[in-house]
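To keep things clear, I will list the structure first and then write my remarks on it.
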Amino acid sequence: MKQRVSTLLREKLGCEVVLEKPKDRSFGHFATPIAFSLAKELRKSPMIIAEELASSFDDHDIFTSVESVKGYLNFRLSEDFLSEYAAWALDNPTEFAKQEQNEKILLEFVSANPTGPLHIGHARGAVYGDTLYRLAKHLGYDITAEYYVNDAGNQIDLLGLSIALYARENILNETVEYPESYYRGEYLDGLANGAIEKFGKEIFSDESRYKELALWAKDGVMDIVVDSLANLNIHFDTFVKESSLYSDWDRVMQKMGDGIYKKDDKVWIASELKGDDNDRVVVREDGRPTYLAGDIVYHNQKFERGYDHYINIWGADHHGYIPRVNAAVEYLGYDSSKLETLLSQMVSLLKDGEPYKMSKRAGNVILMSDIVDEIGSDALRFIFASKKSDTALEFDLAEFKKQDSSNPIFYIQYAHARIQTLLSKAEVSKEEINSATLKNLGDNADSLLFDALLLPEIVEDAFSSRQVQKLPDYLKALAASLHKFYYDCRIIGTDNEAKLLKLLLVVALSLKVGLSLMGIEAKDRMSREED
RNA sequence: GCGCUCGUAGCUCAGCUGGAUAGAGCACUGGUUUGCGGUACCAGCGGUCACAUGUUCGAAUCAUGUCGGGCGCACCA
């Protein structure tokens, strides 16, 4: 819709035109301050320019009026245009808000270490990534969702040790001394018991076998992780294991050429020359590669697989890591501007105004699965998608358990359910609804129709700006328009019933598609839940 | 100390490629159709857009600085 208008204006005026949302719907559907920027060039007052431009639009089928107000140009779309577009959308619901793209994108997200269940911070990155993924898919991108499994390095050794310690203390009833760092949490119980079946209890007392224990256990942890993501409606296309990459290390190192050098018996990457604060060690004196080495091989592999664009979603605490990976990508001979790293910030939780207590059972973290159990996947996804991912977020669980308009997910679902209820009470036939024309509906209905038809540009904008919160914001506003309309306007039993129900079908379509892009299924009925 | 980031209504946050009177939700207060789910709607209250200077016809938005919060600054992942 917006595209159509801006294309038209570009042709007509011969330059790019910035289209905005007018301050107030009474001004029209779209507005542009173009007269202000032309004022200098033309040496005329913006008001006069706007007047002249407005009058040059005498008649055009997509606009019903073009007005100049205080230097702004305000456009109002015609009923013909809106009704035809709406009719098309209803006839082609699976095409609505879609586009054709030919870009191939690799999106890597979550990538939590397989050493324990996901916590609430991971959940945010997961929701952000999956929402982007859904948006991109809908927009026609060829996008792959990938999980990088850090199944090598110290943390895996630590996993083996942690299981053994847990088992010795809780199953073998031994007194154990805990080292400075180790993993804790209920999940170790399942792993320890699984290990007994697989290896027998002896393995816990034989330190030389901890590695073996760990290599077995990491798959079990990944199963836990994958299951918990599935509960959030999140699925990955590909998993890449860090352990599978190191065989390629020598070749990749050579590929980096001058970017790599030896000093003090270690191998370094000259990342400082590429904008990093310092050069970084990639291979230690004892020959063990650092974490960065793994990531270098991994990114090389990504680029060799050949995508047009690469997106990483990392926890914000890793932001200092971006320059060194970009440096490596450059040394590998690739364009680091194709690699985009997005950040997801910390989350702090409240419950009824008090800080949410981390449970000892969980290992002093807030488990993602606990929150899903508490408020459900839909609410969790909605909250996380609602806030800009790179700013810290604090929210109160209680707000999302309420069954009224203070709970945005409830409010939106209710709007959708309300429409379904009306349809079920319709006194006109489906055929009458389908063949109705969305004209002469009155201002309120026109306005609602326009709101519902905005979904495509919201989807486009949310993805291209990577600001997924624009989608839930829009859905909230659309739900509000619907509720208001419902209140203001009687539908069933009126002369306009078929038209109005058709209008509501368009609203329901946008709500449903919008929710599905957030991984949430629209409800047809609200059930009253008893506390 | 250095880097990144944030600072907008009592609370949680939009708005930020500069543009029409600064927005929404929550909370609080008051109200609502002799109608389709009042699980809704409307209104009121509430802001020197952290502070200062600058650029501009115009700044919450850009620049510089100050103050305050968060996060980084590993041969750990």
Side-chain angles (χ1 to χ4, degrees), chain A residues 18 20-24 27 31-37 39-40 45-46 69-72 74 111-113 115 150 152-156 158 181 242 264-268 276-278 280-286 288-295 315-323 343 345-346 348 350 353 383 386-388 390-396 398-399 402-408 410-411 413-415 417-418 420-427 465 467 469-470 472-473 476-477 479-480 482-494 497 500-501 525-529:
Chain A
V18 180
E20 316 182 325
K21 194 174 97 188
K23 243 336 184 224
D24 188 321
F27 285 124
T32 175
I34 183 138
F36 292 97
S37 39
K40 213 172 258 175
S45 126
V69 180
K70 291 203 267 186
Y72 282 84
N74 296 325
S111 298
N113 294 341
T115 54
N150 290 118
N154 292 340
Q155 81 276 9
I156 289 300
L158 215 51
S181 60
E242 181 184 5
D264 304 335
D265 294 326
K266 300 165 205 167
V267 181
W268 300 68
D276 195 3
D277 294 340
N278 298 295
R280 309 289 168 177
V281 172
V282 289
V283 182
R284 304 171 177 96
E285 282 171 287
D286 61 9
R288 286 153 55 227
T290 64
Y291 177 76
L292 179 59
D295 238 359
D317 53 346
H318 287 57
H319 73 254
Y321 204 81
I322 296 172
L343 301 175
Q345 264 288 6
M346 329 226 340
S348 44
L350 300 175
I383 300 161
S386 296
K387 305 294 179 212
K388 256 199 296 209
D390 61 351
T391 61
L393 163 68
E394 181 179 270
F395 76 93
D396 195 320
E399 192 184 331
K402 290 194 212 158
Q403 302 285 307
D404 61 39
S405 64
S406 70
N407 175 354
F410 178 86
Y411 186 72
Q413 290 284 23
Y414 182 38
R418 191 162 233 186
Q420 304 310 319
T421 303
L422 286 168
L423 288 167
S424 69
K425 295 195 171 178
E427 292 170 5
S465 66
Q467 311 255 308
Q469 78 279 4
K470 292 182 178 190
D473 285 350
K476 258 188 279 186
L482 182 278
H483 287 305
K484 182 172 166 48
F485 183 75
Y486 173 86
Y487 184 84
D488 289 340
C489 182
R490 168 102 188 151
I491 295 158
I492 303 298
T494 64
E497 182 176 330
L500 294 175
L501 287 174
R525 280 186 65 89
M526 301 308 287
S527 58
R528 205 184 265 278
E529 284 175 28

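Sequence lines set the chain letters: A, B, ... in the order given, protein chains first and strands last, and positions in each chain run from 1.
- Among the nucleotides B:C41, B:C13, B:G15, the one closest to the side chain of A:Lys387 is B:C13.
- Across the C1' atoms, B:U55 and B:A63 are found 7 Å apart, a figure rounded to whole Å.
- The residue among A:Gly153 and A:Tyr411 whose nearest nucleotide of RNA chain B is located toward the 5' end is A:Tyr411.
- The minimum heavy-atom distance between A:Phe410 and A:Met526, with the atom names listed, is CE1-CE, 3.3 Å.
- B:C16 and B:G23 have their C1' atoms separated by 14 Å, with the value rounded to a whole Å.
- Picking from B:C13, B:A77, B:G15 the nucleotide with the shortest atom distance to the side chain of A:Glu394 gives B:C13.
- Contact annotation for A:Phe36: base contact, defined as any heavy-atom pair under 4.0 Å involving a base atom.
- Spacing between atom CG of A:Leu292 and atom C1' of B:C73 amounts to 15 Å, rounded to whole angstrom units.
- A:Ala31 and A:Asn74 make their closest contact through CB-OD1, 3.2 Å (heavy atoms, listed as atom of the first residue, atom of the second, distance).
- The two residues A:Arg418 and A:Leu482 come nearest to each other via the heavy atoms CD-CD1, 4.4 Å.
- Residue A:Arg280 places no side-chain N or O under 4.0 Å from the OP1 or OP2 atom of B:C73.
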Requested in this report: At under 4.0 Å between heavy atoms, which parts of nucleotides 20-27 of chain B does protein reach? Answer with one letter per nucleotide, 5' to 3': B base, S sugar-phosphate only, - none.
Outcome: BS----SS

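- A:Tyr291 places its OH atom 14 Å from the C1' atom of B:A74, with the value rounded to the nearest Å.
- Of the two residues near RNA chain B, A:Trp268 and A:Ala480, the one whose nearest nucleotide lies more 5' is A:Ala480.
- Nucleic acid contact class of A:Leu393 (heavy atoms, under 4.0 Å, all strands): sugar-phosphate only.
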Query raised in the report: Using Watson-Crick and G-U wobble pairs with both distances under 3.5 Å, what is the 5'-to-3' dot-bracket string of RNA chain B, with [ ] for crossing pairs and | for pairs outside the strand?
Result: ((((((((.[[[[.)...(...]]]].(((((.......))))).....[[[[[..)....]]]]])))))))....

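- Regarding A:Leu422, its CG atom lies at a distance of 16 Å from the P atom of B:G35, rounded to whole Å.
- Of the C1' atoms belonging to B:U61 and B:G46, the separation is 23 Å, rounded to the nearest Å.
- For A:Tyr321, taking side-chain heavy atoms from C-beta onward, the closest of the listed nucleotides B:G15, B:A77, B:C36 is B:A77.
- Comparing the C1' positions of B:C62 and B:C49 gives a spacing of 15 Å, expressed to the nearest Å.
- A:His318 places its NE2 atom 15 Å from the P atom of B:C71, with the value rounded to the nearest Å.
- Residue A:Lys484 places its side chain closer to B:C42 than to any other of B:A77, B:C42, B:C36.
- Nearest approach of A:Gly71 to A:Phe36, heavy atoms of both residues: O-CE1, 3.7 Å.
- Listed for the A:Gln155 side chain is a donor-acceptor partner under 3.5 Å among the backbone atoms of A:Asn150.
- The distance between atom CG of A:Leu158 and atom C1' of B:A77, rounded to the nearest whole Å, is 11 Å.
- Atom CD in A:Glu497 sits roughly 17 Å away from atom P in B:G35 (whole-Å rounding).
- The structure places CD of A:Glu285 at 7.5 Å from CG of A:Asp264, a figure rounded to the nearest 0.5 Å.
- Nearest heavy atoms, A:Gln469 versus A:Ser386: CB-O, 3.1 Å.
- Comparing B:C36, B:C42, B:A14 by their nearest atom to the side chain of A:Gln469 picks out B:A14.
- Contact annotation: the side chain of A:Gln467 approaches that of A:Lys388 to within less than 4.5 Å [non-hydrogen atoms, C-beta and beyond].
- The gap from the P atom of B:G30 to that of B:C36 amounts to 26 Å, rounded to the nearest Å.
- Among the atoms of the strands shown, base atoms are found under 4.0 Å from some heavy atom of A:Phe410.
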Distances for protein N or O near nucleotides 2-5 of chain B N or O, under 3.5 Å:
| unit_1 | atom_1 | unit_2 | atom_2 | d |
| --- | --- | --- | --- | --- |
| B:G3 | N2 | A:His319 | NE2 | 2.7 |

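- Rounded to a whole Å, the CD1 atom of A:Ile322 is 13 Å from the P atom of B:C73.
- Whole-Å rounding puts the A:Glu427 CD to B:C36 P distance at 13 Å.
- Residues A:Pro323 and A:Asp277 fail the side-chain proximity criterion, which asks for heavy atoms closer than 4.5 Å.
- When the P atom is compared between B:A52 and B:C67, the two are found 15 Å apart, to the nearest whole Å.
- Across all their heavy atoms, A:Leu500 and A:Cys489 have their closest contact at CD1-SG, 4.0 Å.
- Checking B:C41, B:A77, B:A14 against the side-chain heavy atoms of A:His483 singles out B:C41 as nearest.
- When the C1' atom is used for both B:G10 and B:G54, the distance is 34 Å, rounded to whole Å.
- Comparing B:A50 with B:A22, their P atoms are spaced 15 Å from each other, to the whole Å.
- Under 4.0 angstrom from either OP1 or OP2 of B:A77 there lies at least one side-chain N or O belonging to A:Asn154.
- Between A:Leu393 and A:Gln345 the shortest side-chain heavy-atom distance does not fall below 4.5 Å.
- Proximity note for A:Tyr486 (side chain, C-beta onward) versus B:C13, B:A77, B:C36: the nearest is B:C36.
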